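Okay, so here's the structure we're looking at.
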Amino acid sequence: MKNDFSIIVVEDDSHVRNLIRTTLKLQGYDFFEASTGKDALSIATMQKADMMLLDLGLPDMDGLEVIENIRSWSSMPIIVISAREEEKDKIDALNIGADDYLTKPFSVNEMIARIHAMQRRLQYMQQKDESSIFENGPLTIDFASNIAYLKQNELHLTQQEYALLVLLAQNVGKVLTHSYIVSKIWGSSMDSDILSLRVYINSLRKKLKCEDEDSLIQTHIGIGYQMIKR
Ligand code: CA
């Protein structure tokens with residue numbers, strides 16, 4: 001099986017890198033390997049890769065610097081890999097432009113699921129014309145008239161709920177941190193706003209009839225929220 005999608009794998013732990021290599025090979029992906037931030041950046045500039053899997057703990061530079069550098073010239077999707085105890089790094093990585101994350105130790109199935117989700121998102125972004133209609137599973141948003149529909153039925157959303165839904169939709173497939181969402185919607189990032197964010201998400205989920213944590217709006221505990229591309 002040949003997969004027309006190439007991935008830059010940046011990981012200094014050869015054991016983890018071997019595991020990723022074997023899995024990507026089996027799935028038919030093209031890939032490039034780097035064990036340092038410097039190599040990652042030179043591969044990223046020289047090759048036309050579609051995505052990057054990036055370990056945050058690299059020997060020569062901080063993975064966050066790699067993201068910052070790449071974001072200055074490319075919107076290539078970046079999935080960061082970090083250890084559970086490095087929660088803050090994950091949040092920082094998402095805030096400076098990473099798209100999603102994997103927590104070590106991760107299963108190869110989880111990794112493949114994240115890569116597939118990113119591919120779906122990219123396809124969607126490429127197909128999307130300039131129309132002002134957003135469609136994702138049962139959800140439709142008409143940006144021109146500021147109305148959202150669930151299976152063709154108009155949703156009655158408050159201004160805040162609508163703003164939140166639009167922000168998630170415009171970043172479909174991407175994990176948005178609490179502080180990012182709050183700063184976009186309320187213009188600040190106080191702890192009290194993060195608490196009210198949870199209230200708004202809950203009421204939005206009720207209206208979208210997706211109270212199930214894994215449905216349209218996914219919760220990333222301690223991190224943020226993500227609209228899943230259906
Ligand atoms: Ca490492």
Side-chain angles (χ1 to χ4, degrees), residues 3-122 171 173-181 218-226 228:
N3 203 322
D4 192 21
F5 193 78
S6 60
I7 302 173
I8 304 173
V9 178
V10 190
E11 170 61 82
D12 60 317
D13 181 331
S14 60
H15 185 76
V16 179
R17 212 169 58 239
N18 288 345
L19 181 75
I20 296 175
R21 179 196 303 128
T22 311
T23 310
L24 294 182
K25 251 190 205 163
L26 270 173
Q27 295 280 327
Y29 284 106
D30 280 337
F31 56 92
F32 307 94
E33 293 180 41
S35 56
T36 62
K38 191 169 165 284
D39 285 354
L41 290 174
S42 84
I43 293 172
T45 43
M46 315 247 299
Q47 307 290 343
K48 256 191 84 63
D50 296 299
M51 205 195 92
M52 180 178 274
L53 273 176
L54 173 69
D55 177 31
L56 288 179
L58 295 170
D60 60 331
M61 64 169 89
D62 195 320
L64 297 175
E65 284 176 60
V66 177
I67 301 171
E68 264 176 333
N69 183 304
I70 289 179
R71 278 294 168 267
S72 66
W73 58 274
S74 165
S75 58
M76 164 201 295
I78 301 173
I79 300 180
V80 297
I81 305 173
S82 85
R84 194 166 299 279
E85 57 273 18
E86 290 156 357
E87 199 90 309
K88 192 187 170 295
D89 282 358
K90 269 184 277 197
I91 294 174
D92 289 345
L94 292 165
N95 279 338
I96 61 170
D99 296 84
D100 200 352
Y101 61 89
L102 282 163
T103 302
K104 279 181 186 174
F106 55 87
S107 75
V108 292
N109 289 338
E110 188 188 354
M111 179 182 82
I112 291 300
R114 298 299 172 87
I115 294 172
H116 286 167
M118 209 50 79
Q119 281 183 280
R120 277 201 300 279
R121 176 179 173 219
L122 280 178
N171 293 281
K174 188 168 156 58
V175 181
L176 302 181
T177 63
H178 295 131
S179 62
Y180 179 84
I181 298 173
Q218 201 169 50
T219 300
H220 291 256
I221 295 165
I223 301 210
Y225 298 97
Q226 175 184 29
I228 308 293

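All values derive from a computational prediction rather than experimental measurement. When a ligand or atom number is given, it counts from 1 through the structure's own listing order.
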Problem set entry | Heavy-atom pair with the smallest gap, counting every atom of P59 and S35 | CD-O, 3.5 Å

Exercise. Name of the D12 N, O or S atom nearest the Ca ion (ligand 1)?
Worked result: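 Sorting the N, O and S atoms of D12 by distance to the Ca ion (ligand 1) puts OD1 first.
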
Problem set entry | Of all N/O/S atoms in D55, the name of the one nearest the Ca ion (ligand 1) |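 Nearest to the Ca ion (ligand 1) within D55's N, O and S set: OD2.
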
Exercise. Do any of the N/O/S atoms of D13, backbone or side chain, fall under 3.0 Å from the Ca ion (ligand 1)?
Worked result: no

Problem set entry | Metal proximity, G57 vs the Ca ion (ligand 1), N/O/S cut-off 3.0 Å | yes

For this session: Please work out which of the three classes, parallel, tilted or perpendicular, describes the rings of Y101 and H220, given edges at 30° and 60°.
Result: perpendicular

For this session: Test I67 against every option in D99, L56, D62 by the side-chain contact (heavy atoms from CB on, under 4.5 Å) rule and name the one that passes.
Result: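 Exactly one option meets the side-chain contact (heavy atoms from CB on, under 4.5 Å) with I67, and it is L56.
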
Exercise. Okay, side chain of D50, backbone of S6: is any donor-acceptor separation there less than 3.5 Å?
Worked result: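 Looks like yes, one N/O pair under 3.5 Å.
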
